[in-house]
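Ligands are counted one by one from 1 in listed order, and the atoms in each one are counted from 1 as well.
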Amino acid sequence: MKKLRDQVVVTGGAGFIGSHLCRKLLDQGKSVICIDNYFTGSRENILPLLENPFFETLRHDVCMQLYVEADAIYNLACPASPIHYQTDPVQTTKTSVHGAINMLGLAKRLGVKIFQASTSEVYGDPEIHPQTEEYWGNVNPIGPRSCYDEGKRCAETLFFDYHRQHKLRIKVGRIFNTYGPNMHPNDGRVVSNFIVQALEGRPLTIYGDGTQTRSFCYVDDLVEAITRLMDTDDSVTGPINLGNDGEFTMLELAEKVIALSGSSSKIEFRPLPQDDPMQRRPDLTKARDTLGWQPKVKLDDGLKETIAYFKKLLHS
Ligand code: NAD
Ligand code: UDP
């Protein structure tokens with residue numbers, strides 16, 4: 001029987017990016033099954049979606065097999081912040097690898113396309129700048145970040161082997177640092193840390209000397225790119241970089257956050273964590289050409305939205 005609307009699975013749907021993606025897919029008229037074990041995600045993130053009759057939640061760990069029916073799968077389940085993915089590194093690798101195997105198995109049984117939330121971390125501490133998709137990366141296989149980096153690299157391998165071996169339709173997006181509302185205040189990533197510190201009048205903690213760079217993408221731009229990638233024809237598999245190619249040092253970011261939040265916080269320097277990449281900026285040529293997309297939200301504007309979100313959250 002022909003269904004009235006497409007049903008999509010979003011794993012990690014209660015997380016930061018996942019919750020925005022669920023909302024966008026509902027807005028597009030799709031029916032959404034949000035799969036999450038709430039390790040780093042929260043009910044609060046999806047609270048506004050719960051009243052929608054086409055939104056369904058399932059508490060489930062992607063390391064276990066999943067039996068649902070769907071027309072497409074977005075696989076985002078995995079802690080993304082270094083402090084969280086390093087809390088239980090074995091579980092992080094399992095989530096990436098077993099999670100990928102289970103979701104690919106589901107996609108194979110259903111014959112549906114599947115998106116993988118890969119990461120700029122597959123490039124490690126890159127020697128090529130900006131990073132193109134052809135670059136194979138510079139990743140330490142045995143360091144504290146390896147559970148995440150190598151887990152995500154192995155997930156990419158699995159996606160491409162399922163594609164070659166089983167003709168599965170895959171869409172691999174390599175996401176660069178993304179920020180916005182619904183980040184957890186104790187998430188530990190730099191944007192949320194700096195904003196919460198600035199709003200609470202505490203010193204902003206810069207790791208190292210603050211000259212390392214990152215490129216920050218506002219979450220609305222990212223979910224637009226993810227849904228566009230999913231809608232491309234079957235010949236498009238990725239990997240494809242998704243992010244914003246503006247590049248800032250952590251010192252510049254700290255100064256912006258202090259100015260935009262009207263804070264009197266000072267800056268404090270802390271040791272640089274092991275294997276912390278020194279530079280990162282996506283080459284977005286493929287994303288622009290293939291998706292007809294480019295990031296629109298400037299860092300200052302995205303930060304203002306995110307500061308407003310945290311202000312409300314901290315005062316509630
Ligand atoms: P997040 O931690 O907010 O979201 C991850 C979600 O996955 C959470 O809701 C968490 O509870 C859930 N989860 C974790 N392990 C699970 C498991 N075993 N079973 C089911 N659910 C599980 O992180 P995010 O920033 O929203 O990241 C989403 C995805 O995007 C991740 O796969 C991450 O690796 C990728 N990514 C994010 C960024 C970024 O800057 N935010 C950058 C690159 C890649
Ligand atoms: N960072 C920082 N202060 C913080 C948190 C992070 O200076 O309070 C730095 C961190 O060392 C890294 C950059 O900010 O160089 C981005 O860190 P994040 O954890 O957000 O993302 P990732 O390292 O995974 O890109």
Given the rule in the side chain to side chain donor-acceptor pair (under 3.5 Å) test, do Q116 and N75 qualify, once you have shown the distances and angles that lead to the verdict?
CA-CA 5 Å; Q116 167 66 359; N75 187 37; 2.9 Å; yes
Can you sort out which atoms of ligand 2 are near R280, meaning under 4.0 Å from one of its heavy atoms?
22 (P), 25 (O)
Among protein heavy atoms, which lies nearest atom 3 (N) of ligand 2, and at what distance?
T205 O, 2.6 Å
Relative to ligand 1, is R189 under 4.0 angstrom through side chain, backbone, both or neither, heavy atoms considered?
side chain
Only heavy atoms count here, so choose which of T119, L21, I175, T95 is nearest to atom 38 (C) of ligand 1.
I175
Identify, by atom number and element, the atoms of ligand 2 in contact range of M250, meaning under 4.0 Å from any of its heavy atoms.
13 (C), 14 (O)
Taking N or O atoms only and a 3.5 Å limit, does N37 qualify as a polar contact for ligand 1?
yes
Determine, considering heavy atoms only, which of Y74, F39, Y148 sits nearest to atom 36 (N) of ligand 1.
Y148
Could you tell me which atoms of ligand 2, counted from 1 in the order shown, lie closer than 4.0 angstrom to a heavy atom of N177?
21 (O), 22 (P), 25 (O)
Heavy atoms only: which of F176, F216, Y207 is nearest to atom 6 (C) of ligand 2?
Y207
Does S120 approach ligand 1 within less than 4.0 angstrom via side chain, backbone, both or neither, non-hydrogen atoms only?
neither
So between A80, G243, A117, whose heavy atom ends up nearest atom 23 (O) of ligand 1?
A80
Options N193, D276, L204, T249, ranked by nearest heavy atom to atom 10 (C) of ligand 2, top entry
D276
Nearest non-hydrogen protein atom, atom 19 (N) of ligand 1:
V62 N, 3.0 Å
Under 3.5 Å between any N/O of Q197 and any N/O of ligand 2: does that happen in this structure?
no
Short list, please: which atoms of ligand 2 are under 4.0 Å from a heavy atom of R145?
22 (P), 23 (O), 24 (O)
Does ligand 1 have a heavy atom under 4.0 Å from the side chain of H60, from its backbone, from both, or from neither?
backbone
If you compare C78, A14, G15 by their heavy atoms, the one closest to atom 7 (O) of ligand 1 turns out to be C78
Side chain or backbone of R270 under 4.0 Å from ligand 2, or both, or neither, by non-hydrogen atoms?
neither
Does any N/O atom on N177 come nearer than 3.5 Å to any N/O atom on ligand 1?
no
Identity of the nearest option to atom 17 (O) of ligand 2, non-hydrogen atoms only, from I83, V190, V196, I267:
V190
Contact atoms of ligand 2, heavy-atom distance to R189 under 4.0 Å
19 (O), 20 (O)
Contact check: P79 vs ligand 1, nitrogen or oxygen atoms, below 3.5 angstrom
no
